[in-house]
Amino acid sequence: MLSKISSVWYVDTPDPVVVLGADPDPDPAAAYALARQLHPDLEVEPTSSATLRDATGPRPDELFIGCYPGLNLLCSPYASRIHPTEIPDLLVRPLAEEHTYLVSFDLEYGWGSFAHWERGELRRAFSSTRLNILQDQGLPHIWERPHWAGEHPIRWRLGELPDPLVLPFDPPGFADTANYEWLGFRYFPTTAAAPEQPSPQDSEANRPTVTPGDIRVCGFRLHPKDEGTHHDPRPPRNRADHERKGLLSWLRGHDAAVPAEK
């Protein structure tokens, strides 16, 4: 099971899981172009391909991108801000897409966040640890109700005493539910009680089953343009070519993960 993720999805297709369920090869040239667009002041070096399962918690000098028909994925430390609305403006709508979805979590710190922009306008943003709500902006969705009602509680380890002020849900699981509602797949197995009413995702028959290990992405390394090392700037031609080639301090680190300038 994944311990952390920091992702932004750019979506134009009405059914992302159908696109992902078709097992598409990511477009390396489009991924390379998007990486350069998002980092105009840095050199972008293609590295190796991976899956979303392996692209967790990218280092500050790396990112992973998957470009599919009507759907683009960015895995980057840019997405791990404790206030999701503070990501740089360029990341909100770089491709003039209809919807932008941010989903991030870190199991070690019990933190989860999610956000939705429609045509670049914020609709919903939420971020919390198990004890503190860090951001809660926009109108809650109907599918959030079971979490707030305590139907998806934290699973405490044997002998672990919960704080009496703990929230009624596990924030990483809350973020995972957002991911499922928006993109149609989960990072964690479902173990909690059923929601008050069936989700639209659950009511549709014959939907493909997608896991993070099924979603392939292209890897890139970032370095200053004056670093002095010369790399071949050409993107790989195809997938085969690409494959060859403490809590307070944590919160401060996440706020510093992305420069304040947008």
Side-chain angles (χ1 to χ4, degrees), residues 2-39 42 44-80 84 87-88 90-105 114-117 175-176 178-187 207-222 233-245:
L2 292 178
S3 63
K4 64 174 67 174
I5 195 70
S6 53
S7 64
V8 183
W9 296 78
Y10 306 109
V11 179
D12 281 318
T13 178
D15 208 345
V17 73
V18 171
V19 175
L20 297 172
D23 193 27
D25 283 338
D27 184 337
Y32 180 70
L34 179 56
R36 295 188 66 186
Q37 177 183 341
L38 296 177
H39 303 86
L42 297 173
V44 177
E45 174 194 358
T47 55
S48 61
S49 65
T51 68
L52 183 55
R53 180 183 56 201
D54 305 315
T56 62
R59 299 188 307 269
D61 65 341
E62 70 176 357
L63 69 154
F64 297 90
I65 294 178
C67 294
Y68 320 98
L71 184 66
N72 296 276
L73 161 64
L74 168 68
C75 293
S76 164
Y78 282 86
S80 62
I87 66 171
L90 180 59
L91 267 67
V92 172
R93 202 185 185 206
L95 304 171
E97 64 283 340
E98 189 75 9
H99 298 281
T100 301
Y101 301 117
L102 179 149
V103 177
S104 299
F105 59 78
F114 56 85
H116 172 213
W117 292 262
D176 186 48
N179 192 86
Y180 179 71
E181 292 294 332
W182 292 334
L183 300 162
F185 73 93
R186 292 188 181 275
Y187 291 103
R207 296 179 61 82
T209 300
V210 176
T211 68
D214 299 324
I215 302 172
R216 292 188 292 274
V217 291
C218 304
F220 300 92
R221 189 176 78 88
L222 307 173
R234 294 172 297 176
R237 290 170 295 175
N238 52 47
R239 186 171 123 212
D241 288 345
H242 200 65
E243 290 175 346
R244 288 193 289 266
K245 296 228 19 162

What distance separates [X] [atom1] from [Y] [atom2], expressed to the nearest 0.5 Å?
X: Thr13; Y: Asn72; atom1: OG1; atom2: CG; answer: 11.5 Å
X: Leu71; Y: Glu97; atom1: CG; atom2: CD; answer: 10.5 Å
X: Glu45; Y: Leu222; atom1: CD; atom2: CG; answer: 9.5 Å
X: Trp9; Y: Leu102; atom1: CH2; atom2: CG; answer: 12.0 Å
X: Cys67; Y: Leu74; atom1: SG; atom2: CG; answer: 9.5 Å
X: Asn179; Y: Phe105; atom1: CG; atom2: CZ; answer: 8.0 Å

If you take all heavy atoms of [X] and [Y], which pair is closest and at what distance?
X: Leu38; Y: Pro94; answer: CD2-CB, 4.0 Å
X: Pro77; Y: Arg59; answer: CG-O, 3.5 Å
X: Pro208; Y: Val18; answer: CG-CA, 4.0 Å
X: Pro84; Y: Trp117; answer: O-CH2, 3.8 Å
X: Pro24; Y: Arg216; answer: O-NH2, 3.4 Å
X: His39; Y: Leu63; answer: CE1-CD1, 3.7 Å

Under 3.5 Å: donor-acceptor pair, side chain of [X], backbone of [Y]:
X: Ser7; Y: Val103; value: yes
X: Ser6; Y: Ser76; value: yes
X: Asp12; Y: Glu98; value: yes

### Message
Contact between Thr56 and Phe64 at the side-chain level, heavy atoms closer than 4.5 Å - yes or no?
### Response
no
### Task
Measure the acute angle between the ring planes of Phe185 and Tyr187, then classify it against the limits of 30° and 60° as parallel, tilted or perpendicular.
perpendicular
### Query
Should the ring pair Tyr101 and Trp182 be called parallel, tilted or perpendicular, given that the plane angle runs from 0 to 90° and is split at 30 and 60?
parallel
### Message
Using the ring-ring contact (aromatic ring centres under 6.0 Å, His included) criterion, which residues pair with Tyr68? Sequence neighbours excluded.
### Response
none
### side chain to side chain contact (heavy atoms under 4.5 Å, CB included) between Val11 and Leu183, intermediate numbers included
CA-CA 9 Å; Val11 179; Leu183 300 162; 4.0 Å; yes
